[in-house]
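First comes the structure, then the notes that go with it.
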2 protein chains.
Amino acid sequence: MSAPTVYDVADRAGVSIATVSRVYRSPGSVRSETRDRVLKAARALGYVPSGSARGLASRSTGVLGLCFPDYADPDAEDSPANGDEEMLYSDEIIRGMERAARRRGYALLIAASLAGGPENLVAEVAGRVDGFAVLARTVPTESLEVISRRLPVVMLAGPREIDHLDHIEVANHDGQRELTRHLIGDHGYRRLAFVGGEAVSPDAEARFRGFRQACEEAGVEVPGQPDVRAEMTQAEGRRAAHALLDRPGEPPRAILFANDQMAVGALHALEERGTRVPDDIAVTGFDGIPLGRLVRPALTTVRQPMRRLGEEAVELLVQRLAAPKREPVSLVLPVTVMRRASCGCPDPQL
Amino acid sequence: MSAPTVYDVADRAGVSIATVSRVYRSPGSVRSETRDRVLKAARALGYVPSGSARGLASRSTGVLGLCFPDYADPDAEDSPANGDEEMLYSDEIIRGMERAARRRGYALLIAASLAGGPENLVAEVAGRVDGFAVLARTVPTESLEVISRRLPVVMLAGPREIDHLDHIEVANHDGQRELTRHLIGDHGYRRLAFVGGEAVSPDAEARFRGFRQACEEAGVEVPGQPDVRAEMTQAEGRRAAHALLDRPGEPPRAILFANDQMAVGALHALEERGTRVPDDIAVTGFDGIPLGRLVRPALTTVRQPMRRLGEEAVELLVQRLAAPKREPVSLVLPVTVMRRASCGCPDPQL
DNA sequence: CTGAAAGCGCTAACAG
DNA sequence: CTGTTAGCGCTTTCAG
């Protein structure tokens, strides 16, 4: 009545369970005649090997995992009008990991952290995989600390919170510096404002430092802190834009946002106010989300290679699985400045 | 030296392994003092419950699966220029399933079918999950036949190849009929050409039938077969467009493609020939892929609710898990005609 | 090349 | 509320 097991197959094929196991694990080590008999029996019975039993006995699952934050955007329901544009990081990372994992013979288990108890989430994933990647700030450091003692973990797109972990980040500093240089050097903007994230976001801070460096190099007045700090959402970006323009004194010629989401929000805010972008004020983001191409003007930004992030994550995991005690690795992936219309560059329009 | 188990935790906490298990499975059934002791020991040891052992003992994994075809597009590598636009079905379905699964307390295991041996793939997935969804034509019917005897399987976006399976499809027929009515009724086009898929694609066939019905209703001459059959890729769409225009006699006023990919290819072909879209020839697709919005002119199409497809898949699986012997369910999800520039409608330009 | 036997780490009755 | 006791289905030596 219940699912057939190796025993059922073995009985039917007139062999031992060990042989059934071998047929699946190392077909070469079984006489082809015997093998066929087993396979036939298996098919007749509808036998499907139990991954759990396999995992338990062999102490390895053949699965890699990914934990990412719950980006669920409450006001972005499945209306036909939107829906596409909200492909976020996680999707691209998932694609990258899925592809790489497949190449390496692994399956991919994905899980977004519930608002409720992320603690639980990691454990859940950790127990089912041979190793996994975590998007920065998805999982409490302490949980990771514990788990990473038992299992390869690679930290993605964030600082190495735990020093014995492999980790991959993108060139936040350099990217923002390049973009800023473009704004100053090519467009001649010198009245710049930077909208950062909360101070706890190392990415946003690195971007700010890149911004500062470019400013200093160009002899542009440099603020010690971002002009505004916000939560890195569209709503907050919008608010930041208003705040910046309502500020006494001359408005900035260009506003650099620490991410695309905020920049898009700002675009809306500026449109509401009748401020023209990029003629009155230039706007830039950071990340390279697809939405940035769909807004008008298209958003100039720094593109993070998220797909590659996912691929590299798998490579790192696979390597660490093979050499558990090798020194922790730290990769920095290059980014690309995407010049689009919102900074004053001509829009390639597709 | 190896990973700590319930035994280690039990020892350290001075309880039995059963109690350790209970602390995780039903915390309420353990005195809070005992529970704390166990939790403390677990933390100290770096204990992570083994999903495999759990799965084996409880005969359920808490994981749902998704098998989809390997859409990997060889010429679409991770260049910064593209990359976004290739979000295909699978991504949206993954998102939908992930969200729904999370709500239901499941994790999601995803696996694309290798070009090589898909047979293996399903078994791999099937052995590790409580149930899974399959995108149509990803897995050989016979494998599914066998596996679905043991495990809930829901077929996505295709015909119910196996009659005892739950399945979800979209309103291919109705969608194409609506779109065709729009072309005939609102734009007055009457010289229509339809580019279908290979005859084995039930989706494409259903769309063609919808097309025919609308034509008949309007008294427009109806071909018994698609004007061209192609492989539903951009390259083939391009070829189909050329073929249609090189055909003797008057060229069609509008070309309806059975999917967006082909339509996009055609757009390129027409541009090459200097044929204006929609002025000389209108073009429409089917699916609603993001790329359709990025091309110029933006592609008029029929949007499939892929995200919802994923969500419904999870619901169906959860329901079937709860009631294994209920009658197989078959859902048809509604689609939406997206009127954009390529059919002659004004482009909302975002 | 094949079989026998010993677990892998956990859950699930069943007692207490 | 907690402990005992069987397995869950498969891999893996170790013999033969």
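Labels below follow one simple rule: chain letters A, B, ... track the order of the sequence lines, proteins then strands, and each chain is numbered from 1.
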Q: Would you indicate which nucleotide in dG9(C), dG3(C), dG9(D) comes nearest to any side-chain atom of Ser50(B)?
A: dG9(C)
(Q) Please determine whether a side-chain nitrogen or oxygen atom of Ser21(B) lies at a distance below 4.0 Å from atom OP1 or OP2 of dT11(C). (A) yes
Q) Between dG3(C) and Ser16(A), is there an OP1 or OP2 to side-chain N/O distance shorter than 4.0 Å? A) yes
**Q.** Check against side chain to side chain contact (heavy atoms under 4.5 Å, CB included), Tyr106(A) and Thr61(A)
**A.** CA-CA 9 Å; Tyr106(A) 285 92; Thr61(A) 64; over 6 Å; no
Q. Does a side-chain heavy-atom distance below 4.5 Å link Pro328(A) with Asp163(A)?
A. no
Q: Show the numbers, then the answer: is there a side chain to side chain contact (heavy atoms under 4.5 Å, CB included) between Met155(A) and Leu144(A)?
A: CA-CA 10 Å; Met155(A) 175 73 82; Leu144(A) 269 190; 3.8 Å; yes
Q. With a 4.0 Å cut-off on heavy atoms, is Thr34(B) in touch with a base, just the backbone sugar-phosphate, or nothing at all?
A. sugar-phosphate
Q) Side chain of Ser58(B): nearest nucleotide among dC1(C), dT11(C), dT12(D)? A) dT11(C)
Q: Before giving the answer on side chain to side chain contact (heavy atoms under 4.5 Å, CB included), spell out for Leu64(A) and Leu109(A) the whole-Å C-alpha distance, their side-chain angles and the decisive distance to 0.1 Å.
A: CA-CA 6 Å; Leu64(A) 259 23; Leu109(A) 184 69; over 6 Å; no
Q | N/O (side chain, Ser29(B)) to phosphate O (OP1/OP2, dC1(D)) under 4.0 Å | A | no
(Q) Here's a test of your reading of the structure: between Gly28(A) and Ile17(A), which maps to the more 5' nucleotide of DNA chain C? (A) Gly28(A)
**Q.** Nucleotide dA6(C), atom C1' - distance to CG of Leu56(A) in whole Å
**A.** 13 Å
Q.
Please confirm whether the ring centroid of Tyr24(B) lies under 6.0 Å from the ring centroid of Tyr47(B).
A. yes
**Q.** Closest listed nucleotide, where the reference is the side chain of Arg25(A) and the choices are dG9(D), dC10(C), dT12(D)
**A.** dT12(D)
Q: Ignoring the backbone of Ala18(A), work out which of dT12(D), dG9(D), dT2(C) is nearest its side chain.
A: dT12(D)
Q.
Output the rounded distance in Å from CZ (Arg150(A)) to C1' (dG9(C)).
A. 14 Å
Q) With respect to Leu156(A), which candidate in Val170(A), Leu316(A), Leu309(A) satisfies the side-chain contact (heavy atoms from CB on, under 4.5 Å) definition? A) Leu309(A)
Q) With nearest nucleotides of DNA chain D determined for Arg35(B) and Tyr24(A) from heavy-atom distances, which residue corresponds to the more 5′ nucleotide? A) Arg35(B)
Q.
I want to confirm an ordering. Mapping Arg37(B) and Arg59(B) to their closest nucleotides on DNA chain D, which one lands closer to the 5' end?
A. Arg37(B)
Q. Under 4.0 Å between a side-chain N or O of Arg31(B) and OP1 or OP2 of dT2(D)?
A. yes
Q.
Using only modelled atom types and a 3.5 angstrom limit, is any donor from either the side chain of Tyr7(A) or the base of dC10(D) paired with an acceptor on the other?
A. yes
Q. Considering only heavy atoms from C-beta outward, does the side chain of Glu92(B) approach that of Arg95(B) to under 4.5 Å?
A. no
Q.
Let's see if you can work this out: which of dT11(C), dG9(D), dT2(C) has an atom nearest to the side-chain heavy atoms of Val30(A)?
A. dT2(C)
Between the protein and nucleotides 14-16 of chain D, list the N/O to N/O atom pairs that are separated by less than 3.5 angstrom.
none

Q. Counting any heavy atom closer than 4.0 Å, what does Val20(A) reach on the DNA or RNA strands: base, sugar-phosphate only, or nothing?
A. nothing
